[in-house]
Student: 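This is the structure I have questions about; it appears just below.
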Amino acid sequence: ILRHLDLYRADDAAEIWSAVHDELEAPDGLLVIEWADRFPELLPQNAVHVRIAHAGEGRRTITITP
């Protein structure tokens, strides 16, 4: 199961947690969080960080950090 959470327009970590805590705590599947750096307190300790950055015209740099 792939779950997606986009925090770009989110304003409050407590509000996010109350709305989606079941998805954040689900033991199965994969949760992908966009703009996770806005609310690092929501991330589990075992989160894998994937950063995608522009690297020029039509190019991207991908960094994966455990």
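Values reported hereafter were calculated over all heavy atoms of this structure, with side chains retained and with hydrogens, waters and symmetry mates removed.
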Student: Could you tell me the separation between the CZ atom of Arg51 and the CG atom of Asp37, rounded to the nearest 0.5 Å?
Tutor: 5.5 Å
Student: Checking Ala55 now: which residues fulfil side-chain contact (heavy atoms from CB on, under 4.5 Å) with it, not counting sequence neighbours?
Tutor: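 For Ala55 the side-chain contact (heavy atoms from CB on, under 4.5 Å) partners, ignoring immediate neighbours, are Arg59, Thr61.
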Student: Check Arg38 against Leu7 and note the closest heavy-atom contact, atom names and distance.
Tutor: NH1-O, 2.6 Å
Student: For a quick test of reading the model, state the closest non-hydrogen atom pair linking Ala13 to Leu42 and the distance between them.
Tutor: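 Residues Ala13 and Leu42, closest heavy atoms: O-CD2, 4.0 Å.
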Student: Is the number of heavy atoms from other residues, nucleotides or ligands within 6.0 Å of CG (Asp11) greater than 12?
Tutor: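 No, the 6.0 Å shell around CG holds no more than 12 heavy atoms from other groups.
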Student: Are Trp35 and Leu5 co-members of a hydrophobic cluster defined by side-chain heavy atoms under 4.5 Å apart?
Tutor: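 Shared cluster, yes.
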Student: Closest heavy-atom contact between Leu31 and His4?
Tutor: CD1-N, 4.3 Å
Student: Let me check something: do Leu2 and Val50 share a hydrophobic cluster, defined by ILVMFWY side-chain heavy atoms less than 4.5 Å apart, either directly or through other members?
Tutor: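 No, Leu2 and Val50 fall in different hydrophobic clusters.
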Student: If hydrophobic clusters are built by linking Ile, Leu, Val, Met, Phe, Trp and Tyr wherever their side-chain heavy atoms come under 4.5 Å apart, do Tyr8 and Ile33 end up in the same one?
Tutor: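 Same cluster.
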Student: Side-chain contact, heavy-atom cut-off 4.5 Å: Arg3 with Ile1?
Tutor: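 Yes. Closest side-chain heavy atoms under 4.5 Å.
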Student: Is Ile64 linked to Leu30 within one hydrophobic cluster, defined over Ile, Leu, Val, Met, Phe, Trp and Tyr using a side-chain heavy-atom separation of less than 4.5 Å?
Tutor: no
